[in-house]
Amino acid sequence: MKSIRVRFAPSPTGPLHIGGVRTALYNYLFAKQNNGKIILRIEDTDSVRFVPGAEQYIIESFDWLGITFDEGVHIPNKEGITYRQSERKSIYKQYADFLINSGKAYYAFDTPEEIEEKRKTIANFQYDASVRMQMKNSLTLSEEEVKNRMAKGESYVIRICIQPDEDIKVQDLIYGEVVINSSIVDDKVLWKSADQLPTYHLANVVDDHLMDISHVIRGSEWLPSTPLHVLLYRYLGWADSMPQFAHLPLLLKPDGNGKLSKRDGDRLGFPVFPLEWHDPNSSEVIAGYREKGYFPDALINFLALLGWNPGTEQEIFSLSELIEIFSLERVNKSGAKFDFEKAKWFNHQYLQMKSNNELAEKYKEFLAEKNLTAPDDYIQKIVELVKERAYFIHDLWEVSSFFFLRPDSYDEAVIRKRWQENTPQHLKAIKEIIAAEPNFQIDKAREQVKKYIEDHQLNMANIMNCLRLSLVGYAKGPDLFEIINLLGVEESSERIDIAINKIHPSL
RNA sequence: GGUCAGUUCGUCUAGGGGUUAGGACACAAGGUUUUCAUCCUUGCAACAGGGGUUCGAUUCCCCUACUGACUGCCA
């Protein structure tokens with residue numbers, strides 16, 4: 001059996017779209033499952049839309065995600081193969097010439113303006129068998145005229161010459177058999193005059209053949225042009241070794257319909273790109289998952305399930321589990337709306353699974369940006385105590401900042417509801433209880449404080465929340481005695497004193 | 001406009017000729033807690049419509065509607 005080789009082939013026209021990440025992921029899973037290879041090829045045949053830095057961005061994104069390639073632009077090889085299409089120009093030219101010589105393609109001299117004019121005046125105009133003999137091309141012009149025009153440097157394109165009225169069958173691994181009549185596909189441009197480079201159609205077919213690609217797994221926006229590619233394989237004499245196609249459903253906007261786009265991210269407030277992107281032209285900064293605090297494995301898990309599922313009720317999958325059970329057969333045909341809330345949920349799940357050590361390391365970096373430091377084991381204990389209420393690393397700050405900073409204010413609503421005239425005296429008493437034991441013990445202290453409250457027939461919720469208020473500043477958070485334990489009895493006592501001095505409810 | 005494709009809870013989806021149409025997210029209620037969150041329990045909520053085929057259709061077929069992709073010297 002032919003060995004499995006797949007490719008992910010983005011064009012460097014900007015940051016890598018999250019849909020592209022999913023396509024790459026599915027390619028990766030399929031390759032790894034089958035002991036195959038995955039290749040990263042850069043399709044930069046559009047010199048107009050080229051964006052500097054985009055290629056590097058793509059590589060860095062996969063690096064962050066942990067999706068590794070076997071061959072590609074970023075991986076040196078001793079054969080001297082380049083995976084950047086702009087550097088493979090002469091290869092494509094040979095095949096374009098071959099098609100010309102074998103009558104499967106022709107030169108066309110019609111200017112963009114002339115074609116635009118046709119589109120305007122003729123309904124459903126397309127450059128195909130029905131009109132090609134009325135156009136300016138090497139089929140209608142004499143050989144000499146063609147030579148003349150070319151000698152004069154007149155610009156031309158190379159167009160494929162499609163034979164009309166033939167049913168082209170594509171066996172898609174996901175969509176099944178799709179039949180399209182060749183009459184509806186136009187004589188697509190294979191070679192552009194503008195930048196003297198091939199178009200996607202020619203370049204991708206030539207490369208997939210030369211790179212021995214066994215399966216083309218790509219977005220379903222390519223389905224309509226697949227018949228053209230099939231024809232190209234035939235015209236080039238490669239029909240027997242043509243790769244198998246698998247078209248993936250699109251990622252849709254969360255609201256309404258349509259392809260997910262960069263603007264949706266801005267509009268709805270979630271990232272559409274793996275990494276933050278600094279636009280080199282506008283100096284605009286666009287949000288990325290990494291910078292927003294997502295874990296790469298959580299993002300991958302979320303993305304894997306968007307359009308595919310194993311048919312079981314399992315939701316959490318490691319990369320290696322995904323490699324194990326992924327299958328193209330179980331990929332859906334219909335587009336999936338991007339559910340940002342679920343992405344957050346996955347991140348929460350993954351945060352709970354991370355070790356306290358790993359989380360503490362990340363939290364430490366976060367704290368460093370605020371010029372805060374603390375011993376590693378102290379940070380670890382804090383993380384352990386509060387992590388279940390965090391979805392992101394930065395949430396840890398919201399739920400544990402009081403360990404690093406004394407409260408600078410006290411929640412008014414809690415004061416109004418809980419703080420009473422005799423509260424200070426009881427807090428003082430509780431402070432004494434806590435400080436009484438030479439070695440603070442969480443359970444023992446809790447027991448004793450509760451006993452005090454009961455003995456004095458006080459309202460548990462009122463006293464406890466006032467105690468919390470004085471230590472934390474508000475009425476939320478983990479177990480109070482766990483907090484005291486980490487804060488230390490001395491610090492806790494001081495905070496109680498400060499609170500008693502500062503809080504004067506106006507009734 | 002043309003071509004191709006898609007359509008199960010709000011969202012991601014499972015299922016498949018006879019099911020109380022299952023799970024997850026979100027949402028709501030209750031429980032737990034000193035509090036908030038987590039967590040647990042419960043609830044809410046779906047087969048686009050119309051024709052066939054069939055004893056029986058959400059499932060198979062056809063039509064319609066809707067949605068999307070494509071329709072560039074972009075990928």
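Below, read A as the first sequence line, B as the second, and so on, with proteins coming before strands; counting in each chain starts at 1.
When heavy atoms are screened at a 4.0 angstrom cut-off, Ser155(A) is found touching no nucleic acid atom at all. Nucleic acid contact for Lys344(A): none, since no nucleic acid atom lies under 4.0 Å from a heavy atom of the residue. Within the nucleic acid shown, Ile184(A) comes within 4.0 Å of sugar-phosphate atoms alone, with no base atom in reach, counting heavy atoms only. Residue contacts shown for Val189(A) are limited to sugar-phosphate atoms, with no base heavy atom under 4.0 Å away. Within 4.0 Å (heavy atoms only), Ala194(A) reaches at least one base atom of the nucleic acid. Heavy atoms of Asp110(A) sit under 4.0 angstrom from at least one base atom.
Applying the Watson-Crick and G-U wobble criteria (two distances, each under 3.5 Å), U53(B) pairs with nothing in any strand.
Looking at every heavy atom in both residues, Gly307(A) comes nearest to Tyr26(A) through C-OH, 3.7 Å.
Across Arg7(A), Arg84(A), Arg88(A), a single residue satisfies salt bridge (charged side-chain N to carboxylate O under 4.0 Å, His left out) together with Asp207(A), and that is Arg88(A).
Residue Ser493(A) holds its OG atom at 13.0 Å from NZ of Lys428(A), rounded to the nearest 0.5 Å.
Taking only side-chain nitrogens and oxygens, Arg330(A) comes nearer than 4.0 Å to OP1 or OP2 of G15(B). Side-chain nitrogen and oxygen atoms of Arg159(A) include at least one within less than 4.0 Å of the OP1 or OP2 phosphate oxygen of C73(B). Dashed line: the shortest gap from a side-chain N or O of Lys387(A) to OP1 or OP2 of A37(B) is not under 4.0 Å.
Between Tyr95(A) and Tyr235(A), the distance from one ring center to the other does not fall under 6.0 angstrom.
For a distance-only test at 3.5 Å, the side chain of Asn124(A) fails to qualify as a donor-acceptor partner of the base of G2(B). Side-chain atoms of Thr199(A) and base atoms of C73(B) include no donor and acceptor less than 3.5 Å apart.
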Nucleotides 9-13 of chain B: which of its N/O atoms have a protein N/O under 3.5 Å away?
residue	atom	partner	partner atom	Å
C12(B)	OP1	Lys337(A)	N	2.9
C12(B)	O2'	Leu305(A)	O	3.3
U13(B)	OP1	Gly307(A)	N	2.9
U13(B)	OP1	Asn332(A)	ND2	3.3
U13(B)	O3'	Asn309(A)	ND2	2.6

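Between Val331(A) and Leu173(A) the shortest side-chain heavy-atom distance does not fall below 4.5 Å.
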